[in-house]
Amino acid sequence: MQSSTAIKAAAWLRDTGPAGITALARDLKLSRTSVENALAVLQRHDLIIEVPGRSHGAGRPARHYAFHAAGGLVAGVDIGVHSLRVVVADLAGTTLVASTTDGVDPTLDPATQLDTVIGQLGEAISGLDPGRLRAIGISLPGIIDRFGNVVASVIFPAWAGVDMVGELRARFGCPVIMDNGVRLATVAEHHMGSGRRFDDVLYLSVGTRIAAGMILGGYPRRGAHNVAGDIGRVAFRGLNERTGQIRWRDGRTAKEVFALARHQDAHARKELREFINELARGVATVVMAIDPAIVIIGGGMSLADEELLEPLREAMARHIGLPLGLPVIASRLGDEAAVHGALVFAFDQCAEHIYRVGALPPPTITPMAGKTAR
């Protein structure tokens, strides 16, 4: 662990831009000697490089320093049945690679499934320098304990008890951490999406299933048994008792039911009203338990936008019965939320290994153009 001065200087240069010693001393409220010592530490760890400074009159320009973002890589991976997503960023959080391929087949054996993940991550970093990879964050549907072990997963049941983290660590030679996908989607929305600037966030993923994630007091809630947010089969009636899947009468998917309702199909409109009212009742129950500042709706059904959100707000207001003025809005990151949450999680939990001078806070993540805007 290095000095807090080095950490402050590194974070300032990473998040603000190149600067000289005088400017750093002024903005960080430190002595020039303290800044010089901190910069020497950062140079030893290859975290900064010297860049040309501005010339003020005759003489040699003052030395300026820039954060060396290209010195390392951090990856986020979101594993699902329908898609396998990978993002790779530099040390300043700028996304260099973003890829989406077919998902992992849940009927295959765990070793073959893991080979699929390893192959896709390896391909994503192949055009970069794999030796610069410093940490990997993994998003997975299931109950994940604090050590990254899969306790249970309805989607990938064979992975319970498999040391995925250890296998990936051995393959890529860097720290690997793993957590529940909805929890990590919540982390991403809080860090860079619709939940920014809120310390208490309820994120609800509504797709083929319903699950929640919570940020309370600025931190993701895991719970004593790692199941905080796994509310689908408990808080919402009418779901499949074993898998938690949403049951539809008038179509195979929510998309089909919404399409029928748009064409004034009376049965589909009635089914949607009933579903949204039940969804609102369950969300209202959670809202009254944790009192969030904002509710964010993600998952595939969030693509319906105001067709879902407007009646959901009205139904929630009826169930809550209090003038809370609670914002209920769509996820900004959409189906990219979990993979970016895995990236933020890696930056947060592996900061000392990534930066090598101490625990810098996660950087602002800059997605690739067109990848996450909604």
Side-chain angles (χ1 to χ4, degrees), residues 11 15 76 78 87 93 137 139 179-207 210-223 227-232 235 279-306 308-310 312-317 319-349 351 359-367 371-374:
D15 300 336
D78 176 32
V87 293
S139 160
D179 208 347
N180 170 268
V182 176
R183 185 174 297 122
L184 292 182
T186 311
V187 167
E189 289 291 345
H190 178 245
H191 185 75
M192 57 188 286
S194 298
R196 287 177 300 164
R197 302 184 181 89
F198 293 96
D199 286 337
D200 297 286
V201 176
L202 173 61
Y203 172 89
L204 203 74
S205 174
V206 187
I210 303 174
M214 291 165 278
I215 301 289
L216 300 178
Y219 296 95
R221 176 64 179 171
R222 170 178 296 279
V227 298
D230 190 18
I231 61 174
L279 180 65
R281 185 195 65 80
V283 177
T285 302
V286 181
V287 164
M288 295 306 288
I290 68 172
D291 192 16
I294 188 170
V295 175
I296 300 170
I297 305 298
M301 217 177 295
S302 68
L303 296 175
D305 203 21
E306 288 301 314
L308 170 67
L309 295 179
E310 183 177 0
L312 179 62
R313 292 186 195 104
E314 293 173 357
M316 284 178 58
H319 285 291
I320 292 172
L322 295 172
L324 299 184
L326 179 67
V328 180
I329 64 174
S331 157
R332 190 177 79 85
L333 302 176
D335 53 12
E336 300 278 340
V339 71
H340 283 89
L343 181 65
V344 174
F345 189 51
F347 269 112
D348 181 60
Q349 297 295 306
L360 274 70
T364 299
I365 305 298
T366 306
K371 292 300 289 186
T372 62
R374 284 187 58 137

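Here, residue 1 is the first one in the sequence, and each next residue gets the next number.
For R332 (side chain) and M192 (main-chain N/O), a donor-acceptor pair under 3.5 Å exists by modelled atom type.
Interatomic distance, R313 CZ to L308 CG, rounded to the nearest 0.5 Å: 9.0 Å. Between atom CG of residue L360 and atom CG of residue D348 there is a gap of 11.5 Å, rounded to the nearest 0.5 Å. Taking CG from L216 and CG from D199, the interatomic distance works out to 10.0 Å, rounded to the nearest 0.5 Å. The CD1 atom of I215 sits 9.0 Å away from the CD1 atom of I296 when rounded to the nearest 0.5 Å. From I231, atom CD1 reaches atom OG1 of T285 across 9.0 Å, with rounding to the nearest 0.5 Å. Atom CG of D78 is separated from atom CG of L343 by 12.0 Å, given to the nearest 0.5 angstrom.
The shortest distance between side-chain heavy atoms of E336 and V339 falls below 4.5 Å. Residues H190 and R196 fail the side-chain proximity criterion, which asks for heavy atoms closer than 4.5 Å. The side-chain heavy atoms of L204 and I210, taken from C-beta on, include a pair separated by under 4.5 Å. Considering only heavy atoms from C-beta on, T186 stays 4.5 Å or farther from M214 through its side chain. Contact annotation: the side chain of L333 approaches that of E189 to within less than 4.5 Å [non-hydrogen atoms, C-beta and beyond]. Using a 4.5 Å heavy-atom threshold, the side chains of V201 and P292 count as separate. Side-chain contact between Y203 and V295: absent, with no pair of heavy atoms (C-beta onward) separated by less than 4.5 Å. At a threshold of 4.5 Å between non-hydrogen side-chain atoms, the residues V283 and L202 count as touching.
Smallest separation of non-hydrogen atoms from A188 and A337: CB-O, 3.2 Å. Here the shortest heavy-atom pairing between A330 and D305 reads CB-OD1, 4.1 Å. When every heavy atom of G299 is checked against every heavy atom of S302, the shortest pair comes out as O-OG, 2.6 Å. In terms of heavy-atom proximity, A211 sits nearest to V182 at CB-CG2, 3.9 Å. Residue P362 comes nearest to F347 through the heavy atom pair CB-CB, 4.0 Å, listed as atom of the first residue, atom of the second, then distance. Counting all heavy atoms, side chain and backbone alike, A346 lies closest to G137 at CB-N, 3.6 Å.
Considering only residues two or more places apart in sequence or on other chains, D179 meets the salt bridge (Lys or Arg N to Asp or Glu O under 4.0 Å) condition with R183, R222.
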